[in-house]
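In what follows, a single structure is set out as structure tokens and then discussed.
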Amino acid sequence: MNDRLPGFATLAVHAGAQPDPTTGARVTPIYQTTSFVFNDSDHAASLFGLQAFGNIYTRITNPTTAVLEERVAALEGGTAAVAVASGHAAQVVVLQQLLMPGDEFIAARKLYGGSINQFTHAFKSFGWNVVWADPDDIGSFERAVTPRTRAIFIESIANPAGSITDIEAIAAVAGKAGVPLIVDNTLATPYLIRPIDHGADIVVHSLTKFLGGHGNSLGGIIVDAGTFDWSRDNKYPMLSEPRPEYHGVKIQETFGNFAFAIACRVLGLRDLGPAISPFNSFLILTGIETLPLRMAKHCDNAKAIAEFLSGHAAVAAVNYSGLAGNPYNNLARKYAPKGAGAVFTFSLKGGYEAGVSLVSNLKLFSHLANVGDTRSLVIHPASTTHSQLDDAAKARSGAAPDVVRLSIGIEDKEDLIADLEQALEG
Amino acid sequence: MNHDAYPDSYIREILNGVKSIAMVGASPVNVRPSYFAFKYLAQRGYDMIPVNPGHVGKNLLDKPFVASLADIGRPVDMIDIFRNSSHIMPVVEEALRLDPPPKVIWMQLGARDEAAAARAEAAGLKVVMNRCPKIEYGRLSSEISWMGVNSRTLSSKRAPVPTQGMRLSLNRTSVGGGETAASDRAAKNRNDAT
Ligand SMILES: Cc1ncc(COP(=O)(O)O)c(C=O)c1O
């Protein structure tokens with residue numbers, strides 16, 4: 001018998017969900033509860049010892065959140081996923097499994113400003129040392145590898161400039177170094193890019209953006225590709241060594257190709273505590289059901305607006321990899337043939353001042369620090385999301401002072417263009 | 001059989017078909033993977049037989065340990081081998097001497113022996129390597145979804161609430177993902193490394 005494989009849109013609606021066994025409710029219920037009763041003390045002990053499947057406490061697992069986890073794992077083609085309170089929480093939990101104090105990880109310089117900040121400052125206090133590399137120069141990743149390197153971190157489509165990263169080339173560097181490749185796939189979503197198919201070992205998301213998609217809930221998720229052998233050398237003791245908190249269980253030996261997700265849950269989420277609210281999981285799940293429709297519209301609108309801006313006399317440059325002639329256009333065609341995303345930057349001939357007045361003249365675009373909403377959004381990264389960086393680092397990460405970032409929503413594109421037109425004239 | 005990527009239909013047929021499972025290398029230590037798997041499969045209604053010469057005279061969850069497959073003294077459907085790859089062949093040879101022989105040889109996560117698999121397949125047995133029957137049962141029934149694991153199955157049917165000792169339906173629709181480039185790559189990498 002041939003197993004028929006459902007497509008992406010079917011998975012976006014169905015994966016992980018089934019009618020509630022007790023009530024028959026077809027939509028995944030919001031299990032807004034902190035804890036779950038045990039059948040008896042043996043059942044409780046089995047659950048605490050990781051021997052049985054089932055829920056204990058919502059900091060560790062929750063049935064609403066589990067549906068979200070399985071759905072994203074299915075869309076990304078991973079073996080398992082762990083949802084957490086935010087994209088930033090996902091990054092902490094992932095690296096906690098991989099780095100001991102004094103270890104290093106290599107990160108692409110072109111990242112969300114908050115991630116640059118988290119890596120540079122917060123992680124330094126844990127003794128996790130970031131080494132920066134340039135995603136436009138693969139050799140810079142090779143040169144950054146040392147015996148203490150434990151992971152490589154990149155964004156598939158980088159915030160803010162929407163540049164596309166050559167995932168396969170960097171996966172090859174990671175493979176040679178014997179370390180996992182972590183890809184933040186927030187701006188692409190699995191609808192546009194599935195990093196695991198290109199060699200990623202771990203995918204992280206801020207669910208807050210396009211996956212949730214409606215600007216109403218924070219969330220993050222970690223997807224385990226099931227591809228990495230954590231026990232090959234002694235680099236990853238969290239996964240390969242007996243865990244004292246579980247009486248000597250070895251995580252990889254016991255859980256095989258979803259061991260990393262289990263480690264994130266039973267060592268990361270359990271002990272660090274950044275659990276997602278079941279209500280947020282519910283809202284994000286509802287958002288994901290329309291992901292394919294929304295992403296197609298986001299990308300279609302973004303391309304039309306990028307084209308409009310490219311032809312406008314007041315605009316100096318548009319950084320949208322979906323435009324022919326953009327330096328990332330070849331990578332966009334290879335990795336994101338369905339569309340180059342909906343977050344990009346442009347600069348104005350009038351410089352910083354013109355950017356500030358554009359933002360204040362817009363009537364439909366909202367001026368706020370988020371991306372991936374149904375609504376169109378605008379921000380000046382240099383003074384907000386990337387403000388902690390010095391000028392050189394701003395420019396390197398794609399947030400020079402004259403740059404404005406757009407996140408294009410799913411409104412009628414004609415209305416968005418009209419709004420930009422009046423604001424640029426204004 | 002391609003032992004890097006089993007179709008769900010193959011695993012499903014095995015787990016739906018077998019009733020008794022002899023677990024070679026079963027451990028009474030409750031943090032060992034074999035203990036986890038033994039306990040779970042017993043709870044899901046399989047007739048479990050612990051095989052481990054080091055523990056004869058003791059019980060594992062009320063089932064007496066036997067020293068070898070020959071000591072079981074009744075037909076078994078499946079042999080689940082919790083031993084390193086280097087210890088697989090003698091177990092398979094012993095299994096093939098049983099009368100009647102088992103229907104399935106299952107090698108645990110991390111265990112692979114191509115030659116032993118070929119011997120068993122030539123004798124008409126089904127072989128699974130480098131998988132865990134607990135994980136596969138949990139996956140195909142979607143019980144494992146509680147932990148955010150991708151069951152790679154879908155169903156629009158209302159399933160009964162699972163209770164102790166209950167067999168779960170494994171007959172859900174299979175979904176892609178198990179046979180992605182990623183899992184093939186992982187299997188290949190592991191082989192390259194050994
Ligand atoms: C690419 C990227 N990664 C991570 C994050 C952090 O996510 P969160 O705000 O959910 O913590 C963001 C948020 O802007 C982002 O754009």
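Any value given below was found using the heavy atoms of this structure, including those in side chains, with hydrogens, waters and symmetry copies removed. Proteins come first, then strands; the chains are lettered A, B, ... in the order of their sequence lines, and each starts at number 1.
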> Which value, rounded to the nearest 0.5 Å, describes the distance between F53(A) atom CZ and K134(B) atom NZ?
Replying inline: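 Atom-to-atom, F53(A):CZ and K134(B):NZ are 4.5 Å apart.
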
> How long is the gap from CD on Q43(B) to CG on D42(A), to the nearest 0.5 Å?
Replying inline: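 Going from CD on Q43(B) over to CG on D42(A), the span is 7.5 Å.
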
Is [X] close to chain B through its backbone or its side chain, or both, or neither, when contacts mean heavy atoms under 4.5 Å?
{"X": "L68(A)", "result": "neither"}
{"X": "A261(A)", "result": "neither"}
{"X": "T79(A)", "result": "backbone"}
{"X": "R71(A)", "result": "neither"}
{"X": "A83(A)", "result": "neither"}
{"X": "V82(A)", "result": "neither"}
{"X": "T23(A)", "result": "backbone"}
{"X": "N62(A)", "result": "neither"}

>> Heavy-atom pairs under 4.5 Å with chain B - which of G256(A), S231(A), G175(A), A81(A) has more of them than the others?
In response: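 Maximum pair count with chain B is reached by A81(A).
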
>> Tell me which of these, I60(A), T22(A), T61(A), has more heavy-atom pairs under 4.5 Å with chain B than the rest.
In response: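 Max contact count across the listed options: T22(A).
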
>> Could you check whether any side-chain heavy atom of R32(B) comes within less than 4.5 Å of a side-chain heavy atom of E253(A), counting everything from C-beta outward?
In response: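 In contact.
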
>> For a 4.5 angstrom cut-off between non-hydrogen side-chain atoms, does F258(A) reach I144(B)?
In response: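 The answer is yes; the side chains approach within 4.5 Å.
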
> With no hydrogens and no angle check, is any side-chain donor or acceptor of R158(B) less than 3.5 Å from a backbone partner on R26(A)?
Replying inline: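 Here the side-chain-to-backbone pair does not exist.
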
Give me the atom names and distance for the closest heavy-atom approach of [X] to [Y].
{"X": "S145(B)", "Y": "A66(A)", "answer": "O-CB, 3.3 Å"}
{"X": "F255(A)", "Y": "L109(B)", "answer": "C-CD1, 4.1 Å"}
{"X": "R265(A)", "Y": "M147(B)", "answer": "NH2-O, 2.8 Å"}
{"X": "P6(A)", "Y": "L154(B)", "answer": "CG-CD1, 3.9 Å"}
{"X": "H247(A)", "Y": "V31(B)", "answer": "O-CG1, 3.2 Å"}
{"X": "P33(B)", "Y": "T254(A)", "answer": "CG-OG1, 3.7 Å"}

> What part of S142(B) gets closer than 4.5 Å to chain A, counting heavy atoms only: side chain, backbone, both or neither?
Replying inline: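 Only the side chain of S142(B) comes within 4.5 Å of chain A.
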
> Relative to chain A, which segment of R131(B) carries a heavy atom at a distance below 4.5 Å: side chain, backbone, both, or neither?
Replying inline: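 Contact with chain A is absent: no heavy atom of R131(B) under 4.5 Å.
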
How about [X]: does its [atom1] atom have over 12 heavy atoms from other parts shown lying under 6.0 Å from it?
{"X": "K19(B)", "atom1": "NZ", "answer": "no"}
{"X": "D62(B)", "atom1": "CG", "answer": "no"}
{"X": "D233(A)", "atom1": "CG", "answer": "yes"}

> Which one, S156(B), G110(B), S34(B), leads in non-hydrogen pairs under 4.5 Å with chain A?
Replying inline: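 Highest number of heavy-atom pairs under 4.5 Å: S156(B).
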
